There are 2 protein chains.
Amino acid sequence: MVDQEIAQVRRFNRTVSQRIGALEGSYLALGRPLGEARLIFELGLADGSDLRDLRGRLGLDSGYLSRLVRSLEAQGLVEVRPAPEDKRVRRIGLTDAGRAAWRQYDERSDQLASSLLEPLTVSQRSRLLAAMAEIERLVRAANIEIGVEPADSADSRECLEAYYAEIDRRFEGGFALDGGNPFDPGDAIPPSGWFVLARLQGEAVGCGALKRLDVRTGEIKRVWVSPKVRGLGLAERIMGRLECVARNAGFTTLKLDTNRVLTEAHALYRKLGYRETERYNDNPYAHFWFEKAV
Amino acid sequence: MVDQEIAQVRRFNRTVSQRIGALEGSYLALGRPLGEARLIFELGLADGSDLRDLRGRLGLDSGYLSRLVRSLEAQGLVEVRPAPEDKRVRRIGLTDAGRAAWRQYDERSDQLASSLLEPLTVSQRSRLLAAMAEIERLVRAANIEIGVEPADSADSRECLEAYYAEIDRRFEGGFALDGGNPFDPGDAIPPSGWFVLARLQGEAVGCGALKRLDVRTGEIKRVWVSPKVRGLGLAERIMGRLECVARNAGFTTLKLDTNRVLTEAHALYRKLGYRETERYNDNPYAHFWFEKAV
DNA sequence: ACCATTATCTGACATTAGTCAGATAAATAG
DNA sequence: CTATTTATCTGACTAATGTCAGATAATGGT
């Protein structure tokens, strides 16, 4: 990382947090304690939440949250009732008065946003918005964390299901799990396999697997990226992580197969240095076979 | 302002303040109360400040600041001594230990900045940095406030001095104030004239004047933008503001004269709808004369 | 020398934020 | 049915943040 790059990020942080940080701070609280204001704002976005979820989302202590809720309840801004299906959890929602309070925060946020745009010329404004969209995308990309995880967790299964559903939709003639070259979570238990999961703020948004073929050869499988985060270069990062795992495991060659309709995948494999090679398995869904020395 | 534009700004705010707002929050405080941490960080950037200035910059109550400083002093991080020229004001500076503490904050900031860049590919990284630079410029532009102010305040005089110095440097043969078409602060007292000043976070960064020629005609003079903020469209905004003042004052025509070396000004005048016209004064420094109906 | 002003400090508060160890009640596993 | 787990609440704290009304001392103007 070049010092100059870091300096640019820090300059940006200073400028932006002066302008936008103010937005998050007590300026927006409209005379209410910041904690209560945050709670109301959050409820406006996700009304009818469970206290349990709120605690996680806002990172609050359970005792603290309990008192905040009590205070808002006393002010007539929220209503709390036990969830019907599990009477331990309590569900919280805004009252009409609470919704009115939320609208104030919402309007204030709008005002702050438009006060940023208002002094600018039309062309400056559109450049600002374009740059904001770009940064938003890239910051999302940077927030995605990739790690080796068990392939049989709920999150992992969710990704694999989404992957199967997608290729079933896209492959000519669909896809059935019991076909050739299968993969089950047991194939991803070291040292015979590994599974990596990508998360964006906790939510699973992509995956990939590495399966041992022999002592020096691994196979990359099940690389999938959620539509929510496509175009952020995540597939490339997942591949990179799998290659890194492979090197650590002592593999010298990586292979993979792919179906002809997955053209974007072919382009990625070539870009990453994979070369087309002869058929190395009898996967009926495969039309191309690649390999790379790592 | 289009709703969609406001929504984009707010999306950006959410994304960025999650990532960067964390940077400002207690995460950076390194176990110290946030107030103390902010103070140390500020002192690292502007060592040897007066308490008075600090109070303004950080927006703190004088009693509160006094206690914060006392606490840092007890920890051996800062030294406070009366200012030699005015023994009421107290000057505060970091000790060696304080500077070491500051360096920790500085490093942590660097780490956070590079953790944002690190997961990105080279091309994503350069796109992110470019977008950040763009936003920084435009947010600075949006933070500039223009208002009618007395022409004889210290800030106003400073701008005018800078203006005179600059045209003296640029005009062929220099510029002397006692030459033709003069302007003195008295010419900017309504209803015979107005003076507008542009400020970026309190600092004067540009100015412009409007002088009455007759009941229906005004003259625009002394439009100047600090080199610090050139390229942000400020001259255009100053002109716009002067035109607005002119309309409110009942003027129907605006005139202005200009020297041939100020080519960027000519382009601006034409862009804003000013048309070249015949000489209307005997200003020896003027080569072109413009006017516009407002 | 006198008075108003300015910069800071101090005491006395109030509020907000946050933590932690139980207590309670509902759900769930065995 | 019992033991354990889970979600929440309560009491008892501490620390941090912030406010306000004087007190104090230096300065500047007259």
Side-chain angles (χ1 to χ4, degrees), chain A residues 21-22 24-43 46 48-75 77-93 101 105 154, chain B residues 21-22 24-43 46 48-75 77-93 154:
Chain A
E24 299 292 303
S26 48
Y27 176 57
L28 257 187
L30 294 170
R32 222 182 295 274
L34 189 55
E36 292 184 6
R38 282 215 303 156
L39 198 50
I40 292 173
F41 196 81
E42 185 68 25
L43 284 173
S49 298
D50 296 346
L51 286 191
R52 177 178 45 177
D53 299 343
L54 269 181
R55 222 166 45 224
R57 254 180 287 156
L58 298 177
L60 299 173
D61 174 84
S62 84
Y64 186 28
L65 177 61
S66 180
R67 281 184 191 79
L68 281 179
V69 168
R70 172 83 41 89
S71 160
L72 292 180
E73 213 176 4
Q75 294 169 57
L77 299 173
V78 301
E79 269 172 352
V80 188
R81 61 188 71 233
E85 69 283 4
D86 180 344
K87 275 176 242 152
R88 287 172 306 178
V89 327
R90 306 241 286 151
R91 191 149 290 161
I92 181 173
Y105 292 120
Chain B
E24 299 293 303
S26 47
Y27 176 58
L28 256 187
L30 293 170
R32 224 183 293 276
L34 188 57
E36 293 185 6
R38 282 216 303 157
L39 198 50
I40 292 174
F41 195 81
E42 184 68 26
L43 285 173
S49 299
D50 297 345
L51 286 190
R52 177 179 44 177
D53 299 342
L54 270 181
R55 224 168 42 227
R57 254 179 288 156
L58 299 177
L60 299 172
D61 173 83
S62 84
Y64 187 28
L65 177 62
S66 181
R67 280 183 191 81
L68 281 178
V69 167
R70 173 83 39 90
S71 160
L72 292 180
E73 213 175 4
Q75 294 168 56
L77 299 173
V78 302
E79 270 173 350
V80 187
R81 60 188 70 233
E85 70 283 5
D86 181 344
K87 276 176 239 150
R88 288 171 306 179
V89 327
R90 306 240 286 151
R91 191 150 290 162
I92 180 171

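Chain letters run A, B, ... following the sequence lines, proteins first, then strands; residues in each count from 1. Heavy-atom basis, side chains included; hydrogens, waters and symmetry copies ignored. Note that the coordinates shown come from a computational prediction; the quantities given were computed from them, not determined experimentally.
In this structure, A:L77 and A:R32 have side chains that are in contact, with non-hydrogen atoms separated by less than 4.5 Å.
C:dT15 atom P lies 13 Å from atom CD of A:E36, rounded to whole Å. Rounding to whole angstrom units, CD1 of residue A:I92 and P of D:dA7 are separated by 17 Å. When rounded to the nearest whole Å, the span between CZ of A:R90 and C1' of C:dA25 equals 12 Å. The nearest whole Å value for the distance from the CG atom in A:L60 to the P atom in D:dT8 is 12 Å. When the P atom of C:dG18 is taken as reference, atom CZ of A:R55 falls 16 Å away, rounded to whole Å. A straight line from CG of B:D50 to P of D:dT27 spans 14 Å, rounded to a whole angstrom. Between the CG atom of A:L68 and the P atom of D:dC9 there is a distance of 12 Å, given to the nearest Å. Following rounding to the nearest Å, B:L39 (CG) and D:dG18 (C1') show an atom-to-atom distance of 15 Å.
Taken to the nearest 0.5 Å, the CD1 atom of A:I92 stands 11.0 Å off from the CD atom of A:E42.
The side chain of B:S62 approaches C:dT8 more closely than any other nucleotide in the set D:dT8, D:dT17, C:dT8. Of the candidate nucleotides C:dA12, D:dT8, C:dT8, D:dT8 has the atom lying nearest to any side-chain atom of A:L51. In the set D:dT8, C:dT19, C:dC9, the nucleotide with an atom closest to the side chain of A:D61 is C:dT19. Among C:dA26, D:dT8, D:dT17, the nucleotide with an atom closest to any side-chain atom of A:V89 is D:dT8.
For C:dT8, its base never sits under 3.5 Å from the side chain of B:R88 at any donor and acceptor pair. Judged by distance alone, with hydrogens and angles left aside, B:R67 brings no side-chain donor or acceptor close enough to the base of D:dG18 to form a pair under 3.5 Å.
Of the options B:R55, B:R57, B:R91, B:R90, a side-chain hydrogen bond (donor to acceptor under 3.5 Å, both in side chains) to B:S49 is made by B:R57 and by none of the others.
Closest-nucleotide positions on DNA chain C for B:L65 and A:A83 were compared, and the one nearer the 5' end corresponds to B:L65. Annotation: of the two residues near DNA chain C, A:Y64 and A:P84, the 5′-most nearest-nucleotide partner is A:Y64.
Here B:R52 reaches the OP1 or OP2 of C:dA7: one of its side-chain N or O atoms lies under 4.0 Å away.
Taking every heavy atom of both residues into account, A:E36 and A:S71 meet most closely at OE2-OG, 2.7 Å.
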Name the atoms and distances for all side-chain donor-acceptor pairs under 3.5 Å in residues 58-69 of chain B, with sequence neighbours left out.
{"unit_1": "B:D61", "atom_1": "OD2", "unit_2": "B:G63", "atom_2": "N", "d": "2.8"}
{"unit_1": "B:D61", "atom_1": "OD2", "unit_2": "B:Y64", "atom_2": "N", "d": "3.1"}
{"unit_1": "B:R67", "atom_1": "NH1", "unit_2": "B:G63", "atom_2": "O", "d": "3.3"}

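Residue contacts shown for A:D86 are limited to sugar-phosphate atoms, with no base heavy atom under 4.0 Å away.
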